[in-house]
There are 2 protein chains.
Amino acid sequence: MKYKATTIKDIAKALNLSTSTVSRALRDSHEISAATKQTVLEYAAKLNFQPNPIALSLKERKSHSIGVIVAEIANSFFSQIINGIESVANEKGYTVIISQSHENFEKEVRTLQYLASRSIDGLLISVSSATNDLQHLKSMYQSGLPIVFFDRTVEEIQTHKVMVDNYQGAYNATLHLLEQGFRRIACVANSEHLSITKERVGGYMAALQQYKIEPDPTLIKYCFHGGMLLEEVELAVKELLAVKPRPTAIFATSDKLTTGCMRVLKKHKIAVPAAMALTGFSNSELIHLLHAPITVVQQPAYEMGQVATELLLQLIESKRPVKDFKTKMLQTKLVFPEK
Amino acid sequence: MKYKATTIKDIAKALNLSTSTVSRALRDSHEISAATKQTVLEYAAKLNFQPNPIALSLKERKSHSIGVIVAEIANSFFSQIINGIESVANEKGYTVIISQSHENFEKEVRTLQYLASRSIDGLLISVSSATNDLQHLKSMYQSGLPIVFFDRTVEEIQTHKVMVDNYQGAYNATLHLLEQGFRRIACVANSEHLSITKERVGGYMAALQQYKIEPDPTLIKYCFHGGMLLEEVELAVKELLAVKPRPTAIFATSDKLTTGCMRVLKKHKIAVPAAMALTGFSNSELIHLLHAPITVVQQPAYEMGQVATELLLQLIESKRPVKDFKTKMLQTKLVFPEK
DNA sequence: TTGAAAGCGCTAACAT
DNA sequence: ATGTTAGCGCTTTCAA
């Protein structure tokens, strides 16, 4: 029951030309007379002719689509990144296919296979918190799929990468707590596998050391599912509350963990910041409306999406194999509560 | 620099068969010997053969992709709907292409054209708050594109529709305010064009009338941009605050408006609910963490996405033109603050 | 300057 | 049961 679009053939027939001539006219070739070109163009415009992208793809062996894998789109940070990705991709004529790993390794592998089966021309990925084995990405990469990592990058694969200065962001946030007088500062971190976790925990520890405080391993809790399961955050916070002497502040290394901690603290009726201060990474637009106004590390998510996409399209459209890979590092911003 | 995938031809050559035989083996045709089928299947599996979806699309004149247009993905309500859409679509082998109108009419028109140019097999849409003219949708529909409307539907186009019982949801929320003793209840509504606006304002008025309160038109404010511009919400709230006697409660008809009102009230240091009660539609997962715990009308967004997609795929895959169109109405839930 | 023909990967009607 | 061929819509040699 689908409408049959006009093809180059229809135009050729109507104008008594060959399909190649019509094609040339539309592609603005030089080997064609101005008059013929004119006729074809006018007729095509009248019929609102649109070249069939699928036929084009088949011919060019390019789908003009790129795949994106994030943990979940219902997360301000990722949805802002996606907006940045789309702004660049659409402008360059690429379709964006968005998939979610839900912080699940098997889902990530399956979703990558799915994207590959849809013939994506390239991939943008922020790996899931459960991803440790990189075989699925390595084999795709080796078979020629251009990949750009953003946010959560991986060491083992040599390609373009875009992230924020996680170390500095975490350092700033922790320093802010220290400057406010907190000394027992705990850290609720994402999965230990992730690049961002190592970098952010590193920044946290550096700030402590700056204040001559020896980082206490019992104050660092890792959440394998990145906060997708509230229970794991609850467990982490509970354990922290049991540590003696009790920590007085928490630094959470991701959006989901920041709001997760908030949720748990509220549930246990622990006032923020009176009984427990809280700060963390977050790009939520509702952050200033939360019952406890907290300071957060904000990432230039939109920009990160744009930069990553530009790099990917460069890879895709490059004639020769690219060997010079860039790692772009953007700056975070410490955002204080609106008074 | 893209990897060249194995094709049916490669297999045929290697096995000394014709492409049609290989094709038949892979498609599990009956007109083929078990032995040959076996050989082909094994070889194909070894090479990890994946049929080229683009070639298939060209052949079948189907892209196996569906377009989705929502106001913005960085909105819990919509991202939950998208999750529902993807769950059904992917299972049935369809790719979902997500686009955002950002509540802008021109963007919606452009994005629809873009989707059409990508040969989508069908469209799921919640129209933008700025959409009044439906020509773009009508002409697509008339030329044969299957469309299912969800959330914000339109009267003029006869097709499947999925939404919640907006009237009842609004009625319940307003009634809740009335039961708490509020009598001067204002309404901050979305664009007047939208189906959801009419229905929700209708439910709001019905609840008032139930309490023998004559709805006061000066207490109803419409936001053309659906709250995308905080200024319009601020203006609405300011105007409401100037009305004498001043309203004591606000019912907001959408997610963006509910949080928008909250933001404005906070900015103007108006305590919620002491100085102004607030309730409204919202699917935000952070709603219970807000500084003022509010009651909200929650929609079964995930389910809405699933139902809409099932209906759309039905339309797409139907052999004969469908004439019997369904309008599915789901129920909302009034969610109270966690104590 | 234009047309004819091949080919991208696959399926299916038509031979054999 | 298997092969040959045409064709989906388009671009691009190669001929004229």
Side-chain angles (χ1 to χ4, degrees), chain A residues 1-41 43-44 47-65 93 116-121 144, chain B residues 1-41 43-44 47-65 93 116-121 144:
Chain A
M1 72 157 284
K2 186 68 179 299
Y3 156 81
K4 206 190 157 303
T6 53
T7 72
I8 216 174
K9 212 165 155 185
D10 301 330
I11 300 181
K13 199 172 295 171
L15 264 41
N16 235 310
L17 290 167
S18 75
T19 55
S20 32
T21 307
V22 175
S23 172
R24 276 189 277 254
L26 294 166
R27 318 231 88 228
D28 202 24
S29 161
H30 5 251
E31 45 179 24
I32 193 171
S33 77
T36 326
K37 188 194 284 184
Q38 175 80 345
T39 328
V40 173
L41 253 35
Y43 189 73
L47 262 61
N48 190 26
F49 170 80
Q50 299 278 46
N52 181 329
I54 294 170
L56 272 175
S57 295
L58 185 60
K59 184 106 252 261
E60 298 175 21
R61 286 117 164 280
K62 272 196 61 180
S63 65
H64 289 277
S65 67
S117 82
R118 299 299 301 208
S119 307
I120 50 168
D121 293 337
Chain B
M1 70 158 284
K2 186 70 179 298
Y3 156 81
K4 205 190 157 305
T6 53
T7 72
I8 214 173
K9 212 165 156 184
D10 302 330
I11 301 180
K13 200 172 294 170
L15 265 41
N16 234 311
L17 289 168
S18 75
T19 57
S20 35
T21 306
V22 176
S23 171
R24 276 189 279 254
L26 295 166
R27 319 229 86 229
D28 202 23
S29 162
H30 9 252
E31 44 179 24
I32 192 172
S33 78
T36 326
K37 188 193 283 183
Q38 176 80 343
T39 328
V40 173
L41 254 34
Y43 189 73
L47 264 60
N48 190 24
F49 170 80
Q50 299 278 48
N52 181 328
I54 295 169
L56 271 176
S57 294
L58 184 60
K59 183 111 254 267
E60 297 175 21
R61 285 117 166 280
K62 273 198 60 181
S63 65
H64 289 278
S65 67
S117 83
R118 299 297 303 207
S119 307
I120 51 168
D121 293 337

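Chain A is the first sequence line, chain B the second, and so forth, proteins listed ahead of strands; every chain is numbered from 1.
For residues 50-60 of chain A, the set of pairs meeting the side-chain hydrogen bond (donor to acceptor under 3.5 Å, both in side chains) definition, not counting sequence neighbours, comprises E60(A)-H64(A).
Within residues 9-22 of chain A, the residues approached by DNA chain D to less than 4.0 Å at the level of any non-hydrogen atom are K9(A), S20(A), in residue-number order. Contacts between residues 27-41 of chain B and DNA chain C, defined by a heavy-atom separation under 4.0 Å, are made by R27(B).
In summary, contact between chain A and DNA chain D, defined as any nucleotide atom under 4.0 Å from a heavy atom of the protein, begins and ends at dC8(D) to dT13(D) in the 5' to 3' direction. Chain B approaches DNA chain C within less than 4.0 angstrom (heavy atoms of the protein), and the contacting nucleotides run 5' to 3' from dC8(C) to dA13(C).
Applying the side-chain hydrogen bond (donor to acceptor under 3.5 Å, both in side chains) criterion to T19(B), with sequence neighbours excluded, gives no partner residue. Residues satisfying the side-chain contact (heavy atoms from CB on, under 4.5 Å) test with K13(B), not counting sequence neighbours, are none. For T7(B), the side-chain contact (heavy atoms from CB on, under 4.5 Å) partners at least two apart in sequence or on another chain are K4(B), K9(B), D10(B). When the side-chain contact (heavy atoms from CB on, under 4.5 Å) test is applied to P53(B), the partners found at least two apart in sequence or on another chain are S119(A).
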Residues 21-28 of chain A side chain polar contacts: donor-acceptor under 3.5 Å, at least two apart:
from, atom 1, to, atom 2, distance (Å)
T21(A), OG1, S18(A), OG, 3.0
R24(A), NH1, E31(A), OE2, 3.4
D28(A), OD1, K37(A), NZ, 2.7

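For the residue pair T36(B) / T39(B), no side-chain donor-acceptor distance below 3.5 Å is found, with atom types taken as modelled.
Residue-level contact check: L56(A) touches the backbone only, with heavy atoms under 4.0 Å from sugar-phosphate atoms and none from bases. S23(A) comes within 4.0 angstrom of a nucleotide base, judged by non-hydrogen atoms across all strands.
Annotation: the terminal axes of the helix from dT1(C)-dA16(D) to dT16(C)-dA1(D) meet at 60°, where each axis is the rotation carrying the C1' atoms of four end pairs onto the next four (5 pairs per end, rounded to 10°).
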